[in-house]
Amino acid sequence: MQILGNLRIAGQGDDPQGTKLSEPSDIVVDGEQILWSGAARDLPSEYRDAPRRDFEGRVVTPGLIDCHTHIVFGGNRAAEFEMRLKGASYEEIARAGGGIVSSVTATRAASEDELLAQALPRVDTLLAEGVTTLEIKSGYGLDIDSELKMLRVARRIAAERPVTVRTSWLAAHALPPEYREDRAGYLLDVVIAGMTRGHCEGLIDAVDGFCEGIAFSVEEVRQVFDHASGLGLPVKIHAEQLSDLGGAAMAASCHALSADHLEYLGQDGIDAMARAGTVAVLLPGAFYTLRETRLPPVQALRDAAVPIALATDCNPGTSPLNSLLLAMNMAATLFRMTPAECLAGVTRNAARALGLSDRGVIAPGKRSDLVVWDISDPAELSYRIGFNPLHARMVGGVYV
Ligand code: DI6
Ligand code: FE
């Protein structure tokens, strides 16, 4: 047992003024769990003799959660970046066989060790900013063995670093060249058959699909989700990123944990998400990289009380972003989310987007994943650009 003493807890819970700070507080931790938190003067006597580290009034938040990444991939897409700067659109590049497919070639060619070695520096950058839980998707393999290879690398990241990794099966990310004439065959032979295998191997925590004109239709993703439900796996979706196909509403009807991107989401989708409790995951790094001008419907999501999470979407094509703090800043500046919403978006609501009820808030019984910051106002986490005020972090009760 140990005490993290003299901290000010950044307001969370359902407090709309969520960037308020508590009075000087103590957090009692026992192994992977928080036992108690509250005003220092109320510390129960049974804890008083536990070893204590004094944080001198610093601000503490739950460990940050990056709930949407494609951080395992081979190679990079700097050349495509240059093409887009010269005017080519993301969709044009994708249709010409570049885009996702070029990352697929590099990912297939890489060994597990090589993919791990390429991913770890990106992971380490996130962790250095206080990320303690990370979602990682497959989707650059697009054949069963390569997709499973990606997920094994994701699991190895959790073994190599102090972070919880949640994996998502995203074989329905793009159609690989060898199936160009056989969409149905790809869905059955690779997406669905591979899902069953990955599930049997314990590699899949959730199933995702890219629902878009350049990817898969609502009906195709629904077929993938039906199979996931049969296996008891939760689902999530990439939807309404480039157009409004109604993917978010379909996903909500399948009780999706989250629908992600959502710039083109309409009111029907919002209502369906509100009814189902589906989290809206906004990805300002992709919005920024694609120079998108259509804003996600933040006010309508608020009005409907849809929980909003934020993530990096770290991927080689549309969001080469390795900073969750920068994602918070972008969401505030570009989407006009409040600093309190940004903080909830990478803690409480991000936990919900992953179906994790044991984290994302500082409360008894929750995981002892905590970050102490050298700031005086929690809004600084969203306000500053390219600045990391992390002072200390604890993962599962251990300072790292
Ligand atoms: N949406 C995205 O923004 C990424 N995947 C997706 O489904 C882009 C993936 C890529 O271009 O490599
Ligand atoms: Fe994505």
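Please read these numbers as outputs of a predicted model, since none were measured by experiment. Numbers for residues simply follow the sequence, beginning at 1. Counting starts at 1 for both ligands and their atoms, following the listed order.
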(message) Under a 4.0 angstrom heavy-atom cut-off, which atoms of ligand 1 come close to T318?
(response) 2 (C), 3 (O), 4 (C), 8 (C), 11 (O)

(message) Would R122 pass as a cation-pi partner of F73, given that its NZ or CZ must be under 6.0 Å from the six-membered ring centre and within 45 degrees of the axis?
(response) yes

(request) Taking only Lys NZ, Arg NE, NH1 and NH2, and the carboxylate oxygens of Asp or Glu, determine whether E201 and K149 approach each other closer than 4.0 Å. (result) no

(request) With heavy atoms only and a cut-off of under 4.0 Å, state how H261 meets ligand 1: side chain, backbone, both or neither. (result) side chain

(request) Just jot down the ligand 1 atoms closer than 4.0 angstrom to any heavy atom of Y90, in number order. (result) 8 (C), 9 (C), 10 (C), 11 (O)

(request) Can you see which heavy atom on P307 is nearest to which on R352, and at what distance? (result) CG-NH1, 3.4 Å

(request) Determine whether R58 and N6 make a side-chain contact, defined as any pair of heavy atoms from C-beta on separated by less than 4.5 Å. (result) no

(message) Quick check on the Fe ion (ligand 2): does D313 put an N/O/S atom closer than 2.8 Å to it?
(response) yes

(message) Is H68 close enough to the Fe ion (ligand 2) that one of its N, O or S atoms comes in under 2.8 Å?
(response) yes

(request) Report, rounded to 10°, the angle at the Fe ion (ligand 2) between the two atoms NE2 (H70) and NE2 (H238). (result) 100°

(message) Considering both backbone and side-chain atoms of Y140, is one of its nitrogen or oxygen atoms within less than 3.5 Å of a nitrogen or oxygen in ligand 1?
(response) yes

(message) Among all protein heavy atoms in this structure, tell me which lies nearest to atom 1 (N) of ligand 1, with the distance rounded to 0.1 Å.
(response) Q241 OE1, 3.1 Å

(request) Salt-bridge test for K137 and D208: reply yes if a basic N is under 4.0 Å from a carboxylate O, no otherwise. (result) yes

(request) Before accepting this row, confirm whether a basic side-chain N of the pair R53/D26 lies closer than 4.0 Å to the acidic partner's carboxylate O. (result) no

(request) Taking only Lys NZ, Arg NE, NH1 and NH2, and the carboxylate oxygens of Asp or Glu, determine whether D244 and R294 approach each other closer than 4.0 Å. (result) no

(request) Return the option from H173, H68, R77, H238 holding the heavy atom at the smallest distance from atom 5 (N) of ligand 1. (result) H173

(message) Tell me the contacting part of L283 for ligand 1: side chain, backbone, both, or neither, using a 4.0 Å heavy-atom threshold, strictly below.
(response) neither

